[in-house]
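For this chain, numbers begin at 1 and follow the sequence in order.
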Amino acid sequence: MRGRRYPEIAKTGAVLGAFLAVLGFQLLYSIYEGDNTMLSDSVFSLLSFGAFLFLGLQTVKESPDRRTCLYGLAGGGVFAALTSMGFSLNYTDTIWHRNTFLAFLCLTPFFTACVILALLKIRRKNKEDNIGTDAFSGKEKRRWFLLCWLFLFLSWVPVLLASWPGIFSYDSGMQLVSFMDGEITGHHPILHTCLLGGCMKIGKLLFGSNYGGAALYSLVQMLVMSGLYAYVCLYLKERCAPRWLQIGTFVFFAVHPVNSLMALCATKDSIFGALFAAFLVRLLKMEEDREGFFGSVRQQIYFCLHAFLVFAFRNNGFHTFLLCTPFFLLLFRKYWKRMGILCLICLMLWPLYTGPVYRMLGIPKSDPREMYSVVMQSAARVYNLDYLGLTEEEKEGFLSIISEYGMESYLSRFADPVKSQFKGEKFAENPGPFLKAWVSAGMRHKKIYIDSFLANTFGYWYPGNSLVKTNDGTDYFEYCCKYIREDADVEMRPVLPALSEFYQRIGNEASFQHVPVVSATFNLGTYTWLLLFALMFLLYRRQYGGLTALLPLLMYFFTSLLGPIVKMRYHYPLIAGVPLILYLIWKYAKIEREGRSWTK
C-alpha cells in the first residue's frame with residue numbers, strides 16, 4: 001500500500017508502529033527487571049514515542065514501493081529477531097521467554113521503517129561519481145603507499161612501548177613451548193608458530209633474552225599488518241572513495257584500540273585479519289577487471305598464493321573459501337571454467353599442505369574436537385537440564401566420549417570446559433554411539449539444542465552488552481603476557497605506564513562500555529549488523545558484483561558460529577573489513593542530482 005494514495009491510513013500506521021516500538025522495548029526490559037512499568041512510567045517513553053513516530057512519518061513521506069517494503073520487512077524482521085533473542089539470551093540464557101516473541105512482533109515495524117529509510121536515503125553526490133578511476137600515477141602510488149605504510153607503523157609504536165615487548169596472551173605461549181620442544185602440531189597454524197618461534201629464537205641469539213625475541217616478533221607483525229592495511233587504504237585512494245572514508249579508514253586502523261591492540265598481540269588472528277582484509281581487496285579488483293585478471297597468469301598466481309596464506313594462518317580461511325566457491329562460479333559465470341580451475345587449485349593447496357607437507361615435517365594434524373563444539377555443548381546442556389529425561393543408552397553414549405566431570409562443567413557461553421574432557425581419538429575411531437545419542441536426545445529436546453547454539457554465539461550478532469563479568473574483570477581482550485614456562489616466559493614491562501593502564505582497562509575491564517556511541521565500535525554485533533545491511537543493500541540495488549567481497553565475510557561469520565566461544569579476535573576479519581563494507585555501500589548508493597535521485 002502506497003503512503004501517497006492512503007495518507008491517513010499510512011500515518012495511523014506510523015502512530016501504531018511508534019507505540020509498538022516503545023512497547024517492544026518495554027517488554028524486553030521487563031525480561032531483565034521484571035518491571036513492566038520501567039518505560040511506561042517515565043518521560044523517556046514519551047520522548048521515545050516521539051522519535052519513533054518521526055521515523056515512521058519520514059518513512060511514509062518517502063512513499064516506498066512494494067519491493068522496497070518487502071526488503072524493509074525482511075531486514076526489519078531479521079534485526080528485530082536478533083535484538084529480541086539476544087536480549088533474552090543475555091539475561092535468561094534462553095530465547096523461549098514469554099516476552100521474546102511478543103517483543104519481536106512489536107519491534108519489527110520499527111526496524112522495518114529503519115531499513116526502508118536507509119535503503120532510500122543513502123545517497124552520494126554527483127561530484128563523487130568517478131568510481132574506478134586512478135587518482136594518481138604509478139610512481140605516486142608507490143610513494144603514497146610507502147608513506148601510508150610508514151605512518152601506520154609509527155602510529156602503533158606508542159602501543160608497543162605501552163605493552164613492551166608486546167602482548168603475548170591467548171595461545172602464543174603454548175605455541176612457543178611447542179616450537180622450543182620441537183613438538184609442533186596442527187592444532188595451531190604451523191606457519192604462525194614457526195614465525196613466532198623463529199623470531200623468538202633469533203632475538204635471543206642477538207639480544208640474549210626472551211624480551212629481544214618478543215620485541216622482534218612484535219616489530220615484524222607490526223610491519224606486516226601495517227603494510228597490508230596500507231594496501232587497503234591505497235585501494236580506497238585509487239577508487240576515489242570519499243575523503244571522509246579515506247581519512248576515517250586510516251584513523252580507524254591507526255588509532256582505534258581494537259586495531260592497535262591486535263597489531264601488538266601475538267595471536268594468529270592478528271595477521272590473519274589483515275590478510276583477510278587485503279584478500280577482499282584482491283577479490284574486488286578481480287571483479288572490477290575480470291578480463292584483465294583472467295588474462296594475466298601473474299595475477300592468478302598472486303591470487304592463489306594470497307588464498308593459501310589466508311588458509312595457512314587460520315583453518316577458517318579454507319572453510320570460508322570452500323563455502324564461497326559455488327558463489328564465485330555463479331558471480332564469474334562468464335569465466336566459470338577458469339574460475340573453477342582457479343578455485344580447485346586453491347582448494348587443493350590445503351590438503352597438499354596438511355597432508356604430504358605435514359607428514360614430511362612430522363607434524364600431526366589437529367584434534368577433531370575443535371570441529372564439534374556445537375555438538376558437545378548441546379549434549380552437555382541437555383545432560384544438565386534434563387538428566388532424568390535421557391535414556392540410559394543416551395547417557396552411556398554421551399559419557400563414552402565426554403567424562404561426567406566434563407558434562408557437569410558445562411558453561412553456556414564457553415565450550416572449553418566440556419571440550420577439555422572430550423576424547424577426540426576415541427571419537428575419531430567410533431563416533432557412532434555418541435552421535436546416535438546426540439540425535440536421539442535432540443529429537444526430544446529441540447528447544448534446548450537451539451538455546452545451546454544461540455547462547456554460545458549471540459555475542460557475535462547481538463549489538464548489546466554480551467560480555468561476562470568474572471573475578472578477573474570483564475574479558476574483552478587479554479591485555480597481558482601469560483606465563484607458561486620459564487624459557488618461553490615474556491613479562492610485560494611498560495615504558496609508558498599511563499597508556500598501558502588505559503589499554504588494560506579497555507581489554508580486561510571493558511571500560512569502553514561507559515562511553516555511549518563509542519562503545520558501539522567495540523561491540524561485535526555492530527559489525528555483523530553492518531555486514532547484513534550491506535548485503536541487503538547490494539541485493540536491493542541489484543549490484544551483485546559487490547557480493548564478491550561481502551560473501552567471504554558472511555561465510556567466515558558462519559564458520560565462527562561453530563567455535564567454542566565468542567571472542568573479539570575471532571571476529572576480527574569483520575572488523576578489519578569494515579572500511580571495504582562502507583566503500584561498497586557508498587559505491588552503490590543513490591546519486592543525488594538537482595534535487596532528484598535514482599539508482600545508478
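Leu261 contributes atom CG, which lies 8.0 Å from atom OG of Ser163 (distance to the nearest 0.5 angstrom). Here the CD1-SG distance, from Ile167 to Cys265, works out to 5.5 Å after rounding to the nearest 0.5 Å. Note that the CG atom of Leu73 and the CD1 atom of Ile116 stand 8.0 Å from one another [nearest 0.5 Å]. Rounded to the nearest 0.5 angstrom, Leu107 CG and Cys114 SG are separated by 10.0 Å. Taking NZ from Lys567 and CD1 from Ile565, the interatomic distance works out to 4.5 Å, rounded to the nearest 0.5 Å. Expressed to the nearest 0.5 Å, how far CG of Leu574 lies from CG of Leu524 amounts to 9.5 Å.
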Show your working on side chain to side chain contact (heavy atoms under 4.5 Å, CB included) between Lys121 and Glu62 and close with a plain yes or no.
CA-CA 9 Å; Lys121 285 289 189 179; Glu62 289 292 321; 2.9 Å; yes
CA sep, side-chain torsions, deciding dist, call: Tyr570, Asn316, side chain to side chain donor-acceptor pair (under 3.5 Å):
CA-CA 10 Å; Tyr570 297 150; Asn316 294 49; over 6 Å; no
Criterion ring pair (Phe, Tyr, Trp, His ring centres under 6.0 Å) on Tyr372 and Phe427, from CA distance to verdict:
CA-CA 10 Å; Tyr372 297 101; Phe427 179 82; 4.7 Å; yes
Stepwise, does the ring pair (Phe, Tyr, Trp, His ring centres under 6.0 Å) test hold for Phe434 with Phe398?
CA-CA 5 Å; Phe434 180 85; Phe398 288 152; 5.7 Å; yes
Chi angles and distances behind the side chain to side chain donor-acceptor pair (under 3.5 Å) call for Thr92, Ser88
CA-CA 6 Å; Thr92 67; Ser88 182; 3.2 Å; yes
Side chain to side chain donor-acceptor pair (under 3.5 Å) assessment of Tyr540 paired with Thr68:
CA-CA 8 Å; Tyr540 174 74; Thr68 305; 2.7 Å; yes
Run the side chain to side chain contact (heavy atoms under 4.5 Å, CB included) test on Leu530 and Leu582 for me, step by step, so that the C-alpha distance in whole Å, both residues' side-chain angles and the decisive distance to 0.1 Å come before the verdict.
CA-CA 9 Å; Leu530 181 61; Leu582 293 175; 4.1 Å; yes
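Trp96 and Phe101 have their aromatic ring centers separated by at least 6.0 angstrom. A centroid separation of less than 6.0 Å is found between the aromatic rings of Phe87 and Tyr91. Residues Tyr449 and His445 keep their aromatic ring centres 6.0 Å or farther apart. Taking the six-membered ring where the residue is Trp, the centroids of Phe110 and Phe52 are separated by under 6.0 Å.
In plain terms, the two heavy atoms of Phe253 and Pro579 that are nearest each other are CZ-CG, 3.9 Å. Looking at every heavy atom in both residues, Pro189 comes nearest to Ala312 through CB-O, 3.1 Å. Annotation for Ile581 and Ala534: closest pair CG2-CB, 3.5 Å, computed over non-hydrogen atoms. Annotation for Met407 and Ala380: closest pair SD-CA, 3.5 Å, computed over non-hydrogen atoms. Counting all heavy atoms, side chain and backbone alike, Thr267 lies closest to Asp269 at OG1-OD2, 2.7 Å. The heavy-atom pair separating Ser172 from Ala266 by the smallest distance is CB-O, 3.6 Å.
Open room surrounds CD on Glu393; 12 or fewer heavy atoms of other groups in view lie less than 6.0 Å from it. Counting non-hydrogen atoms of other residues, nucleotides and ligands closer than 6.0 Å to CZ of Phe49 gives a total above 12. Heavy-atom contacts from other residues, nucleotides or ligands closer than 6.0 Å to CE of Met536 number more than 12. More than 12 heavy atoms of other residues, nucleotides or ligands sit less than 6.0 Å from atom OH of Tyr544. More than 12 heavy atoms of other residues, nucleotides or ligands lie within 6.0 Å of CZ in Phe414, so this atom counts as buried by the packing criterion. The neighbour count for Arg542 CZ, taken as heavy atoms of other residues, nucleotides or ligands under 6.0 Å away, does not exceed 12.
Counting heavy atoms from C-beta on, the side chains of Val258 and Met568 come closer than 4.5 Å. A heavy-atom distance below 4.5 Å is found between the side chains of Leu584 and Tyr588. For the pair Val115/Tyr71, no side-chain contact is recorded, criterion being any heavy-atom separation below 4.5 Å from C-beta on.
Formation of a donor-acceptor pair under 3.5 Å by the His319 side chain with backbone atoms of Asn315 is found in this model. Without hydrogens or angle criteria, Thr559 side chain to Thr320 main chain gives no donor-acceptor distance under 3.5 Å. No donor-acceptor pair closer than 3.5 Å links the side chain of Ser403 to the backbone N or O of Leu399. A donor-acceptor contact shorter than 3.5 Å links the side chain of Asn508 to the backbone of Tyr479. Between the side chain of Ser169 and the main chain of Glu478, a donor-acceptor pair closer than 3.5 Å is present. The backbone N or O of Ala263 sits less than 3.5 Å from a side-chain atom of Gln221, completing a donor-acceptor pair. In this structure, Asp451 contributes its side chain and Ile95 its backbone to a donor-acceptor pair below 3.5 Å. The backbone N or O of Ala162 lies less than 3.5 Å from a partner atom in the side chain of Ser500, making a donor-acceptor pair. The closest donor-acceptor contact from the side chain of Ser409 to the backbone of Tyr405 lies under 3.5 Å. A donor-acceptor pair under 3.5 Å is formed between the side chain of Trp529 and the backbone N or O of Trp461.
The only member of Tyr556, Phe313, Phe279 that meets ring-ring contact (aromatic ring centres under 6.0 Å, His included) when paired with Phe272 is Tyr556.
Partners of Asp93 by side-chain contact (heavy atoms from CB on, under 4.5 Å), not counting sequence neighbours, listed by chain and number: Arg381, Ser412, Ala455. For Ser420, there are no side chain to side chain donor-acceptor pair (under 3.5 Å) partners two or more places apart in sequence or in a different chain.
Taking the six-membered ring where the residue is Trp, Phe512 and Phe522 present parallel rings, their angle staying beneath 30° rather than reaching 60°. Using a 30° and 60° split on the angle between ring planes, Phe311 and Trp350 fall in the perpendicular class, above 60°.
For the pair Arg569 and Tyr170, the cation sits on the ring face: its NZ or CZ lies under 6.0 Å from the ring centre, inside 45° of the axis.
Side chains of Tyr229 and Thr249: a donor-acceptor N/O pair is absent below 3.5 angstrom, by distance only. A donor and an acceptor atom, one from each side chain of Asn523 and Tyr462, are nowhere located under 3.5 Å apart. Judged purely by distance below 3.5 Å, without hydrogens or angles, the side chains of Ser452 and Ser378 never pair a donor atom with an acceptor atom. Side chain to side chain, His571 and Ser560 fail the donor-acceptor criterion of an N or O pair below 3.5 Å. Donor-acceptor pairing under 3.5 Å is lacking for the side chains of Ser373 and Asn456.
Evaluation of the salt bridge (charged side-chain N to carboxylate O under 4.0 Å, His left out) test over residues 394-407, restricted to residues two or more places apart or in two chains, returns Glu392-Lys395, Glu394-Arg444.
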